**Q** 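One structure follows; several queries about it will come next.
In what follows, every heavy atom counts, from backbone to side chain, and hydrogens, waters and symmetry copies are set aside. Keep in mind the model is a prediction, meaning the values are calculated, not measured.
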Amino acid sequence: MAQPGGSRPVTVSDVQQLVKRKDEVEAQIKACYELLEGQKGVGMDEPLVDAEGFPRDDIDLYQVRTARHNIICLQNDHKALMKQVEEALHQLHAREKEKRAKDEAEALAEAMSQTQSLPQAFAKVNAVTPGSPANISGLQVDDEIVEFGSVNVNNFQNLQNIATVVQHSEGRPLSVTVLRSGKKVHVGLTPKRWAGKGLLG
């Protein structure tokens, strides 16, 4: 298993393995302490000699010494493992944060490019008479007009421009582009005489 800080990025399973190893070490330390308890409650610091300086004969000195030695080694291992777990968690969190920031930046960039790629409207539909040519073509109230035949934001001066195009296009389909709920929609509109006023309604 790669150590945290190695060339390979830390994964969640690395952290889980470290935690599992830490639990094993803790279980071994506990077992060693229980062994010391079983030896007349000898802890880590009880003297192993009697009042006269002779090795105690009421305990298994070899077992006690081994257990004490193991506890010291295991505690060092435990400390090192805790440090590794901490570092690994830091790395994971840092990567998560980095990924989130990157995702947010990408989403923002995408939203910006969509906004930029939408053309500019020069007029807005504020009424559509039922049964009129505009209504039949599918124009809707609040549609923002981007192109109306040859008229667009670059050459539009006033509504007279549209009226001129309409008069010249009676009975011929006009290509109309509108923005509807943030999306471009193309409509085919044929100006013609109908029951109401004008050629569009």
**Q** Work out which heavy atom in Val146 is nearest to a heavy atom in Phe122; give both atom names and the distance.
**A**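 The pair with the smallest heavy-atom distance is O-CE2, 3.2 Å.
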
**Q** Any side-chain heavy atom of Lys124 within less than 4.5 Å of one from Ile145?
**A**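 They are not in side-chain contact.
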
**Q** Just so I know, are the side chains of Leu81 and Leu18 near enough to count as touching, which here means a heavy-atom distance under 4.5 Å?
**A**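 Leu81 reaches Leu18 side chain to side chain.
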
**Q** Do the side chains of Asp103 and Lys99 get nearer than 4.5 Å, heavy atoms only?
**A**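 When only atoms from C-beta onward are counted, Asp103 and Lys99 do touch, with a gap below 4.5 Å.
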
**Q** How close do Ala134 and Val128 get, heavy atom to heavy atom, and via which atoms?
**A**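 Closest approach of Ala134 to Val128: C-CG1, 4.1 Å.
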
**Q** If we only count heavy atoms from C-beta on, is the Ser132 to Asn135 side-chain gap below 4.5 Å?
**A**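 They are in contact (side-chain heavy atoms under 4.5 Å apart), so the answer is yes.
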
**Q** As an exercise, state the distance from CD of Glu24 to CD1 of Ile29, rounded to the nearest 0.5 Å.
**A**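 One gets 12.0 Å once the value is rounded to the nearest 0.5 Å.
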
**Q** Hey, are the side chains of Arg95 and Pro9 touching, using non-hydrogen atoms and a 4.5 Å cut-off?
**A**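 Yes - at least one pair of side-chain heavy atoms lies under 4.5 Å apart.
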
**Q** To the nearest 0.5 Å, tell me how far Asn76 CG sits from Ile71 CD1.
**A**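 That separation rounds to 12.0 Å.
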
**Q** Before you tell me yes or no, could you show the steps for Gln28 and Asn70 under side-chain contact (heavy atoms from CB on, under 4.5 Å), namely the whole-Å CA-CA distance, both residues' side-chain angles and the distance that decides it to 0.1 Å?
**A** CA-CA 9 Å; Gln28 288 171 331; Asn70 286 347; over 6 Å; no

**Q** Backbone N or O of Thr11 within a donor-acceptor pair of the Asp14 side chain at under 3.5 Å?
**A**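 Yes: the side chain of Asp14 pairs with the backbone of Thr11.
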
**Q** So do the side chains of Lys184 and Thr177 get within less than 4.5 Å of each other, counting heavy atoms only?
**A**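 Yes, side chains in contact.
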
**Q** I would like to know whether Arg56 and Val49 meet side-chain contact (heavy atoms from CB on, under 4.5 Å); could you show each step before the answer?
**A** CA-CA 5 Å; Arg56 285 170 60 171; Val49 290; 5.5 Å; no

**Q** At their closest point, which heavy atom of Val10 faces which heavy atom of Val15, and how far apart are they?
**A**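 Heavy atoms of Val10 and Val15 come nearest at CG1-CG2, 4.0 Å.
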
**Q** Calculate, to the nearest 0.5 Å, the distance between atoms CG and CZ belonging to Asp143 and Arg180 respectively.
**A**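 So the gap between those two atoms works out to 4.0 Å.
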
**Q** Among Lys79, His78, Glu86, exactly one meets side chain to side chain contact (heavy atoms under 4.5 Å, CB included) together with Met82. Which residue is that?
**A**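 Testing Met82 for a side chain to side chain contact (heavy atoms under 4.5 Å, CB included) against Lys79, His78, Glu86 leaves exactly one candidate, His78.
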
**Q** For Asn152 and Asn155, indicate whether the former's side chain and the latter's backbone hold a donor-acceptor pair under 3.5 Å.
**A**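 The answer is yes, because a donor-acceptor pair under 3.5 Å joins these two groups.
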
**Q** Evaluate side-chain contact (heavy atoms from CB on, under 4.5 Å) for Gln120 paired with Leu179, printing each intermediate quantity in order.
**A** CA-CA 9 Å; Gln120 277 222 270; Leu179 291 182; over 6 Å; no

**Q** Hey, are Lys40 and Glu46 close enough for a salt bridge, meaning a charged N less than 4.0 Å from a carboxylate O?
**A**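 Result for this pair is no, no salt bridge flagged.
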
**Q** Decide, yes or no, whether a salt bridge links Glu26 with Lys30 under the criterion of side-chain N to carboxylate O below 4.0 Å.
**A**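 So Glu26 does not pair with Lys30 through a salt bridge.
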
**Q** Take Asp142 and Val125, measure what side-chain contact (heavy atoms from CB on, under 4.5 Å) needs, and give me the verdict at the end.
**A** CA-CA 5 Å; Asp142 284 340; Val125 179; over 6 Å; no

**Q** Is there a continuous path of hydrophobic side-chain contacts, each under 4.5 Å between heavy atoms, that joins Val12 to Leu89?
**A**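 Both belong to a single hydrophobic cluster.
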
**Q** Do Arg172 and Thr190 make a side-chain contact, defined as non-hydrogen atoms from C-beta onward lying under 4.5 Å apart?
**A**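 Answer no - side chains too far apart.
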
**Q** How close do Ser150 and Val165 get, counting heavy atoms only, and between which atoms?
**A**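 Distance-wise, the nearest heavy atoms are OG-CG2, 3.9 Å.
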
**Q** Atom CZ in Arg68, atom SG in Cys73: separation rounded to 0.5 Å?
**A**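 Atom-to-atom, Arg68:CZ and Cys73:SG are 14.5 Å apart.
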
**Q** For residues Ile136 and Gly131, report the shortest heavy-atom separation together with the two atoms involved.
**A**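 Minimum heavy-atom contact is CD1-O, 3.7 Å.
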
**Q** Side-chain contact, heavy-atom cut-off 4.5 Å: Leu35 with Gln63?
**A**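 They are in contact (side-chain heavy atoms under 4.5 Å apart), so the answer is yes.
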
**Q** Is there a path from Val141 to Val178 through hydrophobic residues (I, L, V, M, F, W, Y) whose side chains come within less than 4.5 Å of each other?
**A**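 Val141 clusters together with Val178.
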
**Q** Please report the shortest heavy-atom distance between Val187 and Ser137, naming the atom on each side.
**A**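 For Val187 versus Ser137, the nearest heavy atoms are CG1-O, 3.1 Å.
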
**Q** How many angstroms lie between CD in Gln39 and CD in Glu34, if you round to the nearest 0.5 Å?
**A**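 The CD atom of Gln39 sits 13.5 Å away from the CD atom of Glu34.
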
**Q** My understanding is that only one of Gln84, His90, Lys83 makes a side chain to side chain donor-acceptor pair (under 3.5 Å) with Glu87; could you say which?
**A**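 Checked Gln84, His90, Lys83 against Glu87; only one passes side chain to side chain donor-acceptor pair (under 3.5 Å): Lys83.
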
**Q** Could you measure the distance from the OG1 atom of Thr129 to the CG atom of Leu139? Nearest 0.5 Å is fine.
**A**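 Thr129 atom OG1 to Leu139 atom CG measures 11.5 Å (nearest 0.5 Å).
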
